[in-house]
Protein chains: 4
Amino acid sequence: MATKDIAASRAAKGRAPHRRNEDARLAILGAADELLIERGFGGVTVEGIAARAGVSKQTIYRWWPSKIDILLDTLVEEADRRLKIPEDGAVVDAVRGYLRALARFLAKDDAGEILLALLGEAQHDAETAALFHERYLDPRRARERALLKRGIAEGELPAGLNPDTTLDALIGPIVYRALTGTKVSRPFVDALVDRVLEPTG
Amino acid sequence: MATKDIAASRAAKGRAPHRRNEDARLAILGAADELLIERGFGGVTVEGIAARAGVSKQTIYRWWPSKIDILLDTLVEEADRRLKIPEDGAVVDAVRGYLRALARFLAKDDAGEILLALLGEAQHDAETAALFHERYLDPRRARERALLKRGIAEGELPAGLNPDTTLDALIGPIVYRALTGTKVSRPFVDALVDRVLEPTG
Amino acid sequence: MATKDIAASRAAKGRAPHRRNEDARLAILGAADELLIERGFGGVTVEGIAARAGVSKQTIYRWWPSKIDILLDTLVEEADRRLKIPEDGAVVDAVRGYLRALARFLAKDDAGEILLALLGEAQHDAETAALFHERYLDPRRARERALLKRGIAEGELPAGLNPDTTLDALIGPIVYRALTGTKVSRPFVDALVDRVLEPTG
Amino acid sequence: MATKDIAASRAAKGRAPHRRNEDARLAILGAADELLIERGFGGVTVEGIAARAGVSKQTIYRWWPSKIDILLDTLVEEADRRLKIPEDGAVVDAVRGYLRALARFLAKDDAGEILLALLGEAQHDAETAALFHERYLDPRRARERALLKRGIAEGELPAGLNPDTTLDALIGPIVYRALTGTKVSRPFVDALVDRVLEPTG
DNA sequence: TTTTAATCGAGACGGTACGTCTCGTCTTAAA
DNA sequence: TTTAAGACGAGACGTACCGTCTCGATTAAAA
């Protein structure tokens, strides 16, 4: 979120003394994303991003500690925009809709590819794991948890239901299928919701 | 294709004239595993394996196309030995036992660490993904599927149950928790089995 | 000659934008030379030069296509400095002095060792032979030839004397002795000049 | 081919149980020579010789300490056969004939190529230098010296003539031209003999 | 209007690991 | 016992990126 803080503080003070080049920032995020899609994670190199974005390596290192952070910037922005946690309506329906959107995000969205790549990289590198939790998994989980808690509070879900257990039981299979390259069909998602959320249905 | 001739003559004559050095093989598998545990996936380099195993790089490249294959060798051997698919008894109990063993394998076994690392690397590299399916995921899934099919055939599980959907719903949450560094407790596993396998309970 | 072009353009523009590190250059030339003297041509490896010069291999490959070019750089610089072709005075005396200097250069100077090593390597490798001609033998021969031509023009040497034949007859024995590890004494050089250059004496 | 020939001749002779195989020896010498001509010194590898001669590497290492010794074997045999030191007749004529033969040997004979390659390698490696002297240069020089000494003894050459100086003055230019890829014409050789051996002509 | 300070592109640098190559030694089984 | 076959430890090759660093040049605020 360093990026945003900088932008914010700049805006707050009403001036941009030695201002960051927004064009360069977007070119870098875009180049990293494109390289990931075109060549896979191994093809995402700082050297390659710099070349494609028409930017010097130093400009990248000035603003991001590593290429992981670049990908995380895109993931967070895109997931916030395209994978919203619903806030109104019946909770079970909201969850079903959210999980369908998650399946679509993982299968069809470039940022979904980033999510899988970062989850993969987190297995190799503790620092990536920490950042990934801090900037993506944990904030999102907080909002997902709030949704389920509302369902419990409103009596739509059983009082004894453990939100995190439930969320992992719902999200886990979808992500696992994405990780193993298996199609995540709508019936698969729906059956999951039926079994996990409505066991006495 | 001298190689094939050799293999052929070996098979034909039932002997192995220029036999592979088993000590070196074990030293290499062991070194790769140790490096993964000690330094993470990034610390597993062919150079490092060679140094630790007291072996030349050429000996590694002679027998394994890549370091992925080295890790897969260990994973397959260890999983076959320590993560057996049960073949007798009540199917639901067998599945529960298998999933508990899986949780333990992922949390405590060096080979479990390999499994997570390879699943991670599969997100970065299509060739790894293919190898991982071919040598680990697919053969194992075949045996897991057979277990559930027996449950259906014997009437213990509902006739309409889809084995692959069910298996992903069971394994997915456990693996997802392991991937995100969350503890996989025994109650978590048991609750999963209860909800997914006995929804009408 | 890339080296010289760079230096030239730098001088021309009066600045050095992404300037080559002169310290590194000298360390590399020195390390190559030292290794040749200490361990022979086989001991001159890019890896070894890099280690001794405290430089990365990439820095070497950035500026020199091969280790031959490194040795040639030193040879050309040192020969230009310490094995000058005389430009004034009586030609026969000048030649005698030059050949004595050549004998000394081959026997006592580190760069003389390089000359012999490159002449040796030229027997193994056509590219080395071409480079050796282009950067050392041919330019030097041009200046040697000019010296003899002056002698002919000024009447000090017979009009019918063929400069290249004469030069090979003078230089050949000295180089041959150096190549075969035979001492090249001053009387040997003087006798050579007497017989070859003053046959009617 | 070579392999089969060996097998065939062995079969023909019945067998050659525990003695050195002359066919293999010739195949090895021939293969080394061919590789030198076809691919240059760098292309002469023990691995390559073994493959071409249809022989195992071990067989080569059993009989020759290095590939240098293989080439020396060929050089010595061929030079003895095709570059004889004349033993009768007028000494000056004999020397002239010998030097013409030397020029031809260096330019046209495969073994001449070996001579230049070994002289080159002697610049890189002291052991090669020692072997080259011991097996080729020194014995030959002894016979060349004897020829000149006969000329002095018989009064055909001046009493004060130093044989080694003279020989280096004669052979040096021819070898130097060969080493630098310059044509060694018959007039060049003749002029050399005239100037060096008959200075008062 | 001039500083002045942080940006930017370019790219050299010391490193590490890659995957390939050839070396010379060692091991096996057949002839 | 010698052979062909070939596995082995060793180590150099030339390449790709890493992350750091120094240049000029640009540019916009502050002086």
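Chain A is the first sequence line, chain B the second, and so forth, proteins listed ahead of strands; every chain is numbered from 1.
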Within the pair D:Trp64 and E:dG24, is there a side-chain N or O less than 4.0 Å away from OP1 or OP2?
-> no
First encountered from the 5' end of DNA chain E, between B:Pro65 and A:Ala24 | A:Ala24
Could you tell me the separation between the CZ atom of C:Arg62 and the P atom of F:dG14, rounded to a whole number of Å?
-> 16 Å
If you look at every strand shown and take non-hydrogen atoms under 4.0 Å, does B:Gly48 touch a base, only sugar-phosphate, or nothing?
-> nothing
Can you tell me how far C1' of E:dC23 sits from CG of D:Asp125, to the nearest Å?
-> 14 Å
Quickly work out the B:Arg39 CZ to E:dT16 C1' distance and round it to whole Å.
-> 13 Å
Contact under 4.0 Å: C:Trp63 side-chain N or O vs E:dA12 OP1/OP2 = no
Ring geometry between D:His124 and C:His124 (parallel below 30°, tilted from 30 to 60°, perpendicular above 60°) = perpendicular
Between F:dA28 atom C1' and A:Glu22 atom CD, what is the distance in whole Å?
-> 18 Å
Would you mind reporting whether B:Ile70 and B:Trp63 have side-chain heavy atoms less than 4.5 Å apart?
-> no
Please list each protein N or O that sits under 3.5 Å from an N or O in nucleotides 20-22 of chain E, with the distance.
from   : atom 1 : to      : atom 2 : distance (Å)
E:dC21 : N4     : B:Gln58 : OE1    : 2.7

Nearest-angstrom distance from the residue atom NZ of A:Lys67 to C1' of F:dA16 = 12 Å
Roughly how many Å is it from CD1 in A:Ile49 to P in F:dA16, rounded to a whole number?
-> 18 Å
Take atom CZ of B:Arg52 and atom C1' of F:dA10, then tell me their distance rounded to the nearest Å.
-> 20 Å
When rounded to whole Å, the CD to C1' distance for the pair B:Glu127 and E:dG19 reads 14 Å
Side chain to side chain donor-acceptor pair (under 3.5 Å) contacts in which one or both residues fall within residues 40-53 of chain C, not counting sequence neighbours = C:Glu34-C:Arg52, C:Glu38-C:Arg52, C:Glu47-C:Lys57
Does C:Ser56 place a side-chain N or O at less than 4.0 Å from the phosphate oxygens OP1/OP2 of E:dT16?
-> no
Residue whose nearest DNA chain E nucleotide is more 5′ - C:Ala53 or B:Ser66 | C:Ala53
